[in-house]
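Reading through the structure tokens given below for one structure.
Residue numbers start at 1 and run along the sequence shown. Quantities reported herein were computed from a predicted structural model and do not represent experimental measurements. Just the heavy atoms: all of them, side chains too, but no hydrogens, waters or symmetry mates, feed the values below.
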Amino acid sequence: MCYNFSMAKFNEVMERERAKKLSPVVLAFVGDAAYSLYVREGLVLSSDYKTGALQRLSSARVSAKGQAALFSEIEEKLTDEEREIFLRGRNAKKPTRSKNASVAEYNVSTGFEAVIGFLYLSGDYQRIDELLADRS
């Protein structure tokens, strides 16, 4: 199967209003990747662990349980706009289910990922740092 799509440039920024209109599950799809990269980059820059240890540490943070726990720490810092996106992501019908987390944890993690995806796509990397610094 061949898909025709134009490649975006790495870190290409989307207009904030356009990003806000994306499906919350699509925002979560991007947010999952952006958060994973954020965590992995942080681990690599702050340690000299071997790849096995990096993978274990990364997996614990990027899991639905880890994301739900992190969200409880940052929830009060969300703007109204971010809270709206979180709620859309949390309440969205999801195509998959988590094997290792409760439904509630999975829903919260999807909302969290939607916020990160929105901020990432709209190029608000500073805001991602504000929310996640010293927490991920």
Side-chain angles (χ1 to χ4, degrees):
M1 183 176 281
C2 181
Y3 296 97
N4 287 329
F5 61 93
S6 62
M7 291 296 291
K9 294 181 179 132
F10 192 68
N11 288 338
E12 187 170 337
V13 175
M14 180 182 284
E15 290 180 24
R16 202 167 182 90
E17 287 305 312
R18 181 176 171 213
K20 194 186 297 188
K21 291 178 184 176
L22 290 174
S23 155
V25 177
V26 170
L27 291 174
F29 172 74
V30 173
D32 177 57
Y35 181 63
S36 180
L37 181 59
Y38 184 91
V39 167
R40 288 174 181 224
E41 186 176 300
L43 287 170
V44 168
L45 293 173
S46 67
S47 70
D48 62 351
Y49 293 123
K50 295 186 189 252
T51 56
L54 290 170
Q55 181 60 38
R56 281 190 302 281
L57 291 167
S58 172
S59 292
R61 289 173 173 93
V62 178
S63 70
K65 283 184 179 203
Q67 289 174 351
L70 172 60
F71 181 76
S72 70
E73 294 179 30
I74 67 167
E75 181 176 11
E76 65 186 33
K77 294 183 175 194
L78 295 184
T79 65
D80 290 342
E81 178 181 52
E82 292 162 354
R83 187 171 312 286
E84 176 188 324
I85 291 165
F86 167 78
L87 291 172
R88 286 179 49 221
R90 185 195 68 187
N91 297 335
K93 183 167 174 59
K94 294 142 190 88
T96 59
R97 296 282 176 229
S98 175
K99 295 175 211 137
N100 300 310
S102 70
V103 171
E105 288 169 327
Y106 186 65
N107 289 341
V108 168
S109 72
T110 304
F112 168 79
E113 290 172 344
V115 171
I116 299 302
F118 167 72
L119 294 171
Y120 179 83
L121 286 173
S122 60
D124 202 346
Y125 312 125
Q126 182 176 350
R127 181 64 179 149
I128 293 172
D129 279 337
E130 288 171 8
L131 290 172
L132 303 181
D134 302 323
R135 288 186 179 81
S136 59

- Query: Can you say whether the rings of F112 and F71 are parallel (under 30°), tilted (30 to 60°) or perpendicular (over 60°)?
  - Reply: perpendicular

Residues passing the salt bridge (Lys or Arg N to Asp or Glu O under 4.0 Å) test with E105, sequence neighbours excluded, are none

Nearest heavy-atom contact between S109 and Q67 is CB-OE1, 3.2 Å

Per-pair distances, 0.1 Å, donor-acceptor, side chain in residues 50-57, under 3.5 Å, sequence neighbours excluded:
{"residue": "Q55", "atom": "NE2", "partner": "S59", "partner atom": "OG", "Å": "2.9"}
{"residue": "R56", "atom": "NH1", "partner": "G52", "partner atom": "O", "Å": "3.3"}

Here the pair of heavy atoms bringing G89 nearest to A114 is CA-CB, 4.1 Å

Between I116 and I128, the two heavy atoms sitting closest are O-CD1, 4.1 Å

In terms of hydrophobic clustering (I, L, V, M, F, W, Y; side-chain heavy atoms under 4.5 Å; direct or indirect links), are V25 and F29 co-clustered?
no

Residue set satisfying side chain to side chain donor-acceptor pair (under 3.5 Å) with E81, at least two apart, ordered chain then number -> R16, K20

Sorted by chain and number, sequence neighbours left out, side chain to side chain donor-acceptor pair (under 3.5 Å) with N91 holds for none

Shortest non-hydrogen pair, E113 vs D32, comes out as OE2-OD1, 3.1 Å

R127 meets the salt bridge (Lys or Arg N to Asp or Glu O under 4.0 Å) criterion, sequence neighbours left out, with E82, E130

Taken in chain and number order and not counting sequence neighbours, the residues that satisfy side chain to side chain donor-acceptor pair (under 3.5 Å) with N107 are K94

